[in-house]
S.K.: 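Sharing a structure, written as structure tokens. Questions coming.
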Amino acid sequence: MNRASGAGMILALGLGLLGMNVLSACQQGQEIMPPEVATQNHDAISPSGNYTLTVVALEEGGNPYQRFEIRDRKGQILFSPPEQFSARHTTVFLWDALDRAWVYSGDIGTFYWERQASSNDWQKWTYPQAEASAPAYLKQLRPKFFPK
């Protein structure tokens with residue numbers, strides 16, 4: 001074996017090892033979402049088991065956005081707010097321990113919807129003006145934004 005072919009083998013081996021390390025890091029970097037978080041590929045069941053949070057991905061005028069629906073156990077839509085959240089910004093849809101549906105939008109802020117027992121309507125609240133404590137996952141994800 002001459003020097004050039006030996007160097008080529010070493011380079012090929014090095015690149016192969018580098019590729020394996022990058023692939024491994026990418027696989028390890030995949031975050032496993034907690035069960036209370038809904039994504040386009042995964043609905044989230046509320047802690048009581050009474051509701052399902054579904055993320056709907058749409059596009060309008062070339063701009064991708066997301067919205068959510070709250071469904072009952074049979075899959076019937078109970079609530080579908082008019083709000084749309086840009087898919088170009090970090091957006092998290094999730095339940096808290098009290099069956100409130102939360103949306104964190106890196107673009108327009110944080111909101112939650114709470115079912116009103118007297119009317120079965122879902123009332124929208126803005127965080128942090130409302131007195132609710134943010135879900136643990138949001139506190140972990142963005143601790144500077146969620147002190148309470």
S.K.: Measuring from Thr54:OG1 to Glu69:CD, what's the distance to the nearest 0.5 Å?
M.R.: 6.0 Å
S.K.: Working note: Asn41 + Thr39, criterion side-chain hydrogen bond (donor to acceptor under 3.5 Å, both in side chains); need CA distance, chi angles, decisive distance, verdict.
M.R.: CA-CA 5 Å; Asn41 300 318; Thr39 67; 5.0 Å; no
S.K.: Which side-chain N or O atoms in residues 104-113 pair as donor and acceptor under 3.5 Å with protein atoms at least two apart or in another chain?
M.R.:
{"from": "Tyr104", "atom 1": "OH", "to": "Arg142", "atom 2": "NE", "distance (Å)": "3.2"}
{"from": "Ser105", "atom 1": "OG", "to": "Asp107", "atom 2": "N", "distance (Å)": "3.1"}
{"from": "Ser105", "atom 1": "OG", "to": "Ile108", "atom 2": "N", "distance (Å)": "3.1"}

S.K.: Hey, what do you get for CZ (Arg71) to CD1 (Ile45), rounding to the nearest 0.5 Å?
M.R.: 11.0 Å
S.K.: Ignoring hydrogens, what is the shortest heavy-atom contact between Ala132 and Tyr127? Give both atom names and the distance.
M.R.: O-CE1, 3.6 Å
S.K.: For Val55 and Asp43, which heavy atoms make the closest approach, and how far apart are they?
M.R.: N-OD1, 4.5 Å
S.K.: Looking only at heavy atoms, which two atoms of Pro35 and Ala44 are closest? And how far apart?
M.R.: O-CB, 3.4 Å
S.K.: Is there a path of hydrophobic side-chain contacts, each under 4.5 Å between heavy atoms of I/L/V/M/F/W/Y residues, joining Val92 to Phe146?
M.R.: yes
S.K.: Please answer: with hydrophobic residues joined when any side-chain heavy atoms are less than 4.5 Å apart, are Trp122 and Leu53 in the same cluster?
M.R.: yes
S.K.: What side-chain donor-acceptor pairs closer than 3.5 Å can you find for residues 74-87, not counting sequence neighbours?
M.R.:
{"from": "Ser80", "atom 1": "OG", "to": "Arg67", "atom 2": "NH1", "distance (Å)": "2.8"}
{"from": "Glu83", "atom 1": "OE2", "to": "Lys124", "atom 2": "NZ", "distance (Å)": "3.0"}
{"from": "Ser86", "atom 1": "OG", "to": "Arg88", "atom 2": "N", "distance (Å)": "3.1"}

S.K.: Could you give me the CA-CA distance, side-chain angles and deciding distance for Gln66 and Leu58, then say whether side chain to side chain contact (heavy atoms under 4.5 Å, CB included) is met?
M.R.: CA-CA 6 Å; Gln66 303 170 86; Leu58 300 163; over 6 Å; no
S.K.: What's the shortest heavy-atom distance between Asp72 and Thr52, and which atoms?
M.R.: O-OG1, 4.5 Å
S.K.: Is there a donor-acceptor pair under 3.5 Å between the side chain of Ser118 and the backbone N or O of Gln116?
M.R.: no
S.K.: Is there a donor in the side chain of Tyr51 and an acceptor in the side chain of Arg115, or the other way round, less than 3.5 Å apart?
M.R.: yes
S.K.: Tell me the closest heavy-atom pair linking Trp102 and Ala134, and the distance in Å.
M.R.: CH2-CA, 3.7 Å
S.K.: Measure the spacing between OG1 of Thr91 and CD of Gln40 and express it to the nearest 0.5 Å.
M.R.: 10.0 Å
S.K.: Is there a path from Tyr137 to Val103 through hydrophobic residues (I, L, V, M, F, W, Y) whose side chains come within less than 4.5 Å of each other?
M.R.: no
S.K.: Give a yes or no on this: more than 12 heavy atoms of other residues, nucleotides or ligands lie within 6.0 Å of atom CH2 of Trp125.
M.R.: no
S.K.: Can you name the nearest heavy-atom pair linking Trp95 to Ser46, along with the distance?
M.R.: NE1-N, 3.3 Å
